[in-house]
Number of protein chains: 4
Amino acid sequence: MPERAARRAELLSVAAGVFAELGYSATTVRVIAERAGLLAGSLYYHFDSKESMLEEILRTFLDALWTGYDAILGDRALGPRETLRALVVESFREIDRHGPAVAVFQKEARQLAAQPRFAFLTEAQRDFEDAWRTTLERGVADGAFRPDLDVRLAYRFLRDTVWVAASWYRPGGRHTADAIAGQYLSMVLDGISVRSTIPTATRSRPWPRPT
Amino acid sequence: MPERAARRAELLSVAAGVFAELGYSATTVRVIAERAGLLAGSLYYHFDSKESMLEEILRTFLDALWTGYDAILGDRALGPRETLRALVVESFREIDRHGPAVAVFQKEARQLAAQPRFAFLTEAQRDFEDAWRTTLERGVADGAFRPDLDVRLAYRFLRDTVWVAASWYRPGGRHTADAIAGQYLSMVLDGISVRSTIPTATRSRPWPRPT
Amino acid sequence: MPERAARRAELLSVAAGVFAELGYSATTVRVIAERAGLLAGSLYYHFDSKESMLEEILRTFLDALWTGYDAILGDRALGPRETLRALVVESFREIDRHGPAVAVFQKEARQLAAQPRFAFLTEAQRDFEDAWRTTLERGVADGAFRPDLDVRLAYRFLRDTVWVAASWYRPGGRHTADAIAGQYLSMVLDGISVRSTIPTATRSRPWPRPT
Amino acid sequence: MPERAARRAELLSVAAGVFAELGYSATTVRVIAERAGLLAGSLYYHFDSKESMLEEILRTFLDALWTGYDAILGDRALGPRETLRALVVESFREIDRHGPAVAVFQKEARQLAAQPRFAFLTEAQRDFEDAWRTTLERGVADGAFRPDLDVRLAYRFLRDTVWVAASWYRPGGRHTADAIAGQYLSMVLDGISVRSTIPTATRSRPWPRPT
DNA sequence: TATGAATGAGCGTTCATTCAT
DNA sequence: GATGAATGAACGCTCATTCAT
């Protein structure tokens, strides 16, 4: 990595941390500069604007994420269940690697997507929804997932469940990202309930019984 | 409701909507005023500051929420499963009634809690965690919930899963709040998976089999 | 005094007190109203503006002052020494009666005099200077005051000496206004020094010795 | 003086001039900025707030003043008369050098002293009173000043008389600061009156006659 | 007479950004 | 590459003033 790009990455990492901590709007370029050890004006040698820093942070995150996702989604050997598992694991790994960027994405994306400059967020969200919903639908179709699943709702449920973890997850904590992914998957797939105790009234339709 | 209090409530409702949409920091009092149909300065006849509006919005929301929660938590007739169900339903009803306030809480609480003025948020979060974790622990103890549950993780999972819905839920949409609560509960309790497909590797311990 | 005028006087008295305490610019009509027991807007039933209250306070004070001064200055029986004494006594009585108004005059007059609306202050100051300087000059001419007196300087000295007392004098304190006037006169006329100890070097010219 | 400090001093000098002319409260930072040739916001690169400018102006003035006063008060060779003379001369020199600062002090100190931030003004006023009153009392005790002197009153008389001059004194005028100090001293020490004309009624006690 | 709600101008201050050095 | 001083727009807020009731 050339000197120049390394410095940019370093500064963006600082910026992402502050954006995640204080929110984009409440972050001043002064505190970014201060944490990076230079003066506010000097940031403008490296970046056009505060907004362009944000954009670069989000693009970098999404590029990395989609590199991982594309490998998974392109793997025809994976059934819907394994695909879902792989997507969740990949997502937690992304949180592990680019936690602040994920937190910024989670907090700011909806609002930013309205601006032309950040239209790529809207695209990403659409692709994102496609990937997850397709996987869920495949799973319902082939009997891996519950036939009574409301796919739209389940998509949101999964999406929020995974990304919101970025706001509390800290690398080097009690659990590894993969361990947390495993726990999440267990809850999402099987529920927190002991199966036999579920009163039938909870469901609109009886489960298809495996034979 | 006296004239005065009604006007306050009206203005707070507008403010909550803008805070939820743009974020507290990115919201200007001029925007609030514009949407409320008066001038920025006039807001200060009713409120001390932008911050005091935020505080009142959050306090009002938490008061309403705890009124509901306390009734549930104080009901000794409820088992952990019914308690959890009631808490989720109550939460979605709160989202239905005070959606913007919930979204603001969800977005801003962590950051605000550091200020002395918003210390009540820290208390609320602690009480909140107590309520959910105690319920989960009771459920694990009496066999309603899975014995291998990581309660800390499950708590976060539930908390985020429920509240994050405030950022997309709109009253009057396709589903009622109670319907969505039901769907969420179904996913959370039973998982999205069809039972027999769960590979045993997912779990640390085999399920207790009903006899 | 008609009801109406009495209320005005009452409100102006409150206003003068606040102006004296906080300064005209730092005084808000809200605190005047509050101390008078009504709401800010209600003051505008009685007065056109904050500025018109100030004007009325200053005019009332100057009218009263000149009533006293004119009687003294018109008394041909008084020598310069007695005239000066009478002016000082009258001034302290004015401070005793309208202390806050005097303090406001002392603090604000110089700055206000630049506005057309307050041109009467400039006139008053000119008349004021005339009265005192004429008295001093008469005294120098007839041997009552020191022949080496710089009249311009002595005028300022006297003027400041007297009016500045308004900023600390409180009616009902240790000394009456007349007693303070007496003490001031004693210092101004005779100095604080024991005469014989004055080294001759202090003076530019030897004193004319009375025969 | 480093570049930075010089710029601060320059801006503070402008600010002091405006504060003295319009009063602190009536002064807007935009006026200060305009006279200094920059924009209002740019002042905040150099100072924290309008109030901090005021504080620095007053502290600088008091530091300079006390440097002079301490030298005088610490000189054991000076009798009360020479001490008083030296204090007055030093005060007028201070007016000559920092006229606007003195005028601001004179106008605003009483009101400001109530704020914790300006508690140093209260201290200064106490030290000030100590210095002058001690000098006066020493003079009365050793026969330099009139035995019938009301020291409290005389202190106020001297204090106001001297400092109020800051509101009209302009450097480079007809008289030098030292010349004005001399005239003031002559009036304060010996009075404006020619001795023999003093009616005995003015005094409560006869003068001690030198033998 | 007084109130209560509002206006609108302007205030002190912040902050992303620029640019000569 | 970075600094330091400045810009200029906008922000939260204040306050004298208005006016229907």
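Here is how names work: the chains are called A, B, and so on, in the same order as the sequence lines, proteins then strands, and each is numbered from 1. All heavy atoms count here, side chains included; hydrogens, waters and symmetry mates do not. These figures come from a predicted structure and were not determined experimentally.
Counting only residues at least two apart or on different chains, the salt bridge (charged side-chain N to carboxylate O under 4.0 Å, His left out) pairs with a member in residues 115-125 of chain B are B:Glu51-B:Arg117, B:Glu55-B:Arg117. Sequence neighbours left out, not one pair with a member in residues 104-113 of chain D passes salt bridge (charged side-chain N to carboxylate O under 4.0 Å, His left out).
At F:dA5, one or more side-chain N or O atoms of D:Arg4 fall inside 4.0 Å of OP1 or OP2 (strictly under the cut-off). Between B:His46 and the phosphate of E:dG4, there is no side-chain N or O to OP1/OP2 separation shorter than 4.0 Å. For D:Arg7, no side-chain nitrogen or oxygen approaches OP1 or OP2 of F:dG4 to under 4.0 Å.
Evaluation of the side-chain hydrogen bond (donor to acceptor under 3.5 Å, both in side chains) rule for D:Thr27 yields no partner, not counting sequence neighbours. Considering only residues two or more places apart in sequence or on other chains, C:Ser52 meets the side-chain hydrogen bond (donor to acceptor under 3.5 Å, both in side chains) condition with none of them. When the side-chain hydrogen bond (donor to acceptor under 3.5 Å, both in side chains) test is applied to D:Arg30, no partner is found at least two apart in sequence or on another chain. The side-chain hydrogen bond (donor to acceptor under 3.5 Å, both in side chains) check on C:Gln111 picks up nothing, with sequence neighbours excluded.
Sparse packing is recorded around CD of C:Glu34, with 12 or fewer heavy atoms of other residues, nucleotides or ligands lying under 6.0 Å away.
When base pairs are accepted only as Watson-Crick or G-U wobble with both N-N or N-O distances under 3.5 Å, DNA chain E takes part in stems of 3 or more pairs at E:2-21 with F:2-21.
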Annotated protein contacts, base or backbone, on nucleotides 13-21 of chain E with a non-hydrogen cut-off under 4.0 Å, one of B, S, - each: BBSBBB---

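Following rounding to the nearest Å, B:Ile32 (CD1) and F:dA10 (P) show an atom-to-atom distance of 18 Å. E:dG12 atom C1' lies 17 Å from atom CD of D:Glu55, rounded to whole Å. In this structure, the CG atom of C:Leu43 is 12 Å from the C1' atom of E:dT3, given to the nearest Å. Rounding to whole angstrom units, OH of residue B:Tyr45 and C1' of E:dG8 are separated by 18 Å. Atom CG of B:Leu39 is separated from atom P of E:dG10 by 15 Å (rounded to the nearest Å). Across the protein-nucleic acid pair, B:Glu34 atom CD and F:dA10 atom C1' stand 14 Å apart, rounded to whole Å. Atom C1' of nucleotide E:dA2 and atom CZ of C:Phe47 are separated by 15 Å, given to the nearest angstrom.
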With a cut-off of 3.5 Å and sequence neighbours excluded, list every side-chain donor-acceptor pair involving residues 10-18 of chain A.
from, atom 1, to, atom 2, distance (Å)
A:Glu10, OE2, A:Arg7, NH1, 3.3

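Taking a cutoff of 4.0 Å between a charged side-chain nitrogen and a carboxylate oxygen, A:Glu3 and A:Arg8 do not qualify as a salt bridge.
Among the protein residues, B:Leu38 comes within range of the sugar-phosphate backbone only, with heavy atoms under 4.0 Å from sugar or phosphate atoms but none that close to a base.
In terms of position along DNA chain F, the nucleotide closest to D:Leu11 lies nearer the 5' end than the nucleotide closest to the other residue of the pair D:Leu11 and B:Tyr24.
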